[in-house]
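The next block holds one structure in the form of structure tokens; read it before the comments.
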Protein chains: 2
Amino acid sequence: MSIRDEAVVEIPKRRRRAPDEARREALVVARRLLIESGPTAITLKAVGDKIGVTHANLIHHFGSAAGLQSALMESMVRDLADALDAAVNQLRSDAGAPRALVDAVFDAFDRGGAGRLAAWIALSGDLQHLEPVRAAVQDLVKAIDEKFSAEGEQTHNRITSAVLFIALCAFGDAVIGAPLRDMLDRDEDSGRKIVARLLPSFLL
Amino acid sequence: MSIRDEAVVEIPKRRRRAPDEARREALVVARRLLIESGPTAITLKAVGDKIGVTHANLIHHFGSAAGLQSALMESMVRDLADALDAAVNQLRSDAGAPRALVDAVFDAFDRGGAGRLAAWIALSGDLQHLEPVRAAVQDLVKAIDEKFSAEGEQTHNRITSAVLFIALCAFGDAVIGAPLRDMLDRDEDSGRKIVARLLPSFLL
DNA sequence: AGTGTCACTTACATCTATGTAGATATCGTC
DNA sequence: GACGATATCTACATAGATGTAAGTGACACT
């Protein structure tokens with residue numbers, strides 16, 4: 001067997017993926033493009049090139065460019081909702097320290113570019129894509145309620161205030177936190193620290 | 001003088017504007033497009049159509065499409081900085097109520113779409129366009145400092161915390177406040193109320 | 001091994017945004 | 001009123017993104 005022979009290792013011209021797998025790969029790449037280069041970087045060609053596929057093939061799988069974008073939003077929104085659910089579960093199980101809750105929510109918006117996703121959806125006006133988050137947010141309210149509520153009717157109001165507060169800060173931090181902290185000469189962790197410190201005033 | 005004569009009122013085929021005026025008109029329209037339909041709606045044709053001008057003319061005035069975008073960012077960022085300065089002045093003059101400060105900053109991000117602008121800049125990665133805001137933010141720190149600081153070395157830290165906190169919330173509220181408040185069944189004013197209530201814990 | 005499905009490609013068509021070159025008209029100034 | 005500067009237009013060129021149609025080949029199943 002010569003070296004020359006070894007070079008001819010049957011590389012199929014095409015790689016045939018299962019539809020689910022093809023969509024998955026495309027969405028992974030599309031997400032990275034969104035996070036690294038912004039929404040306008042998500043083109044059929046750019047995504048196709050990165051997974052070794054033609055743009056026509058992506059249309060085959062997603063129906064259209066808008067279909068790809070919708071699928072991406074759906075996938076990322078689901079991840080965000082899952083992350084919020086995880087925060088809820090963590091809260092229900094044991095660690096009730098404000099900081100743990102804050103970390104969970106901040107991570108939900110930071111990780112996987114959920115904050116940038118939300119900003120993109122808000123700017124593009126496709127608000128219906130945020131719908132799946134509604135349930136997650138309301139779950140978060142319930143969980144905090146069970147965990148911290150002593151009694152009284154004012155409780156629900158305070159809890160929703162707390163959730164609104166955390167979410168606004170976590171979102172803001174994920175999108176413009178870095179440059180803002182730089183302007184104020186504050187370290188990476190400032191936002192979380194501040195929110196964690198303020199949180200008890202809602203819950204106690 | 002017949003009716004027919006009245007109909008021939010010399011309407012010039014073109015309207016020749018002063019360069020500054022032409023740019024101003026274009027930027028007003030571009031801003032509205034950004035706020036109402038998102039960044040992708042800002043095209044030379046769309047802007048040109050709305051002010052009765054060809055796309056080539058906009059290139060003449062702004063050099064390129066990117067030039068128009070930069071000019072828009074610059075103009076809006078200047079407005080944001082001015083709004084923050086106004087908040088500073090108001091703070092220095094008299095009304096030191098937390099709610100007044102909160103309103104000033106929230107308005108700075110809401111009005112004129114500054115929040116959406118900041119999100120667009122953050123997503124597109126053109127962070128250098130936010131530079132002019134740096135001075136305004138640092139001015140805000142100084143003004144709050146003069147107004148509220150009793151003494152002590154921890155003061156500066158608390159002030160920057162307060163500014164970071166207000167800015168994150170104001171930005172978040174401007175971009176995703178509406179859908180989020182809807183999910184939580186909270187009224188329009190919730191965000192501001194919450195922030196105003198929490199602010200004293202930094203300043204006192 | 002033969003066969004059918006469908007993932008995938010190639011080639012082409014279209015549309016839109018952007019940009020360029022040269023002609024034209026408007027307005028201030030003399 | 002003539003003139004010059006230039007704001008504005010028309011016409012054309014290009015590039016990129018999207019979409020379509022028809023063919024090709026990989027893989028499962030018999």
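Every value quoted in this text rests on a predicted model; they were computed, and no experiment measured them. Reminder, nothing fancy here: chain letters follow the sequence lines and each chain counts from 1.
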Check this for me, if you would: do [X] and [Y] make a salt bridge, where the nitrogen-to-carboxylate-oxygen distance has to be below 4.0 angstrom?
X: B:Asp103; Y: B:Arg99; value: yes
X: B:Asp139; Y: B:Arg92; value: no
X: B:Lys45; Y: B:Asp49; value: yes

Examine distances only and state if a side-chain atom of [X] and a backbone atom of [Y] form a donor-acceptor pair shorter than 3.5 Å.
X: A:Arg116; Y: A:Ile35; value: yes
X: A:Arg23; Y: A:His61; value: yes
X: A:Arg186; Y: B:Asn157; value: yes
X: A:Arg192; Y: A:Val102; value: no

Would you mind reading off the distance between [X] atom [atom1] and [N] atom [atom2], rounded to a whole angstrom?
X: B:Asp49; N: C:dT16; atom1: CG; atom2: P; answer: 12 Å
X: A:Ile59; N: D:dA21; atom1: CD1; atom2: P; answer: 12 Å
X: A:Glu21; N: C:dC6; atom1: CD; atom2: C1'; answer: 17 Å

Margin query: Is it true that, when you exclude A:Glu21 itself, more than 12 heavy atoms of the residues, nucleotides or ligands shown sit nearer than 6.0 Å to its CD?
Written below: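 Counting other residues, nucleotides and ligands, CD of A:Glu21 exceeds 12 neighbours.
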Check: Near DNA chain C, under 4.0 Å by heavy atom, which residues of residues 37-47 of chain B?
Finding: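 Going residue by residue through residues 37-47 of chain B, the ones with a heavy atom under 4.0 Å of DNA chain C turn out to be B:Thr43, B:Leu44.
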Next item on the list: Scan nucleotides 2-11 of chain D nucleotide by nucleotide, 5' to 3', and note B when protein non-hydrogen atoms come under 4.0 Å of the base, S if they reach only the sugar-phosphate, - if neither.
Entry: ---BBBBSB-
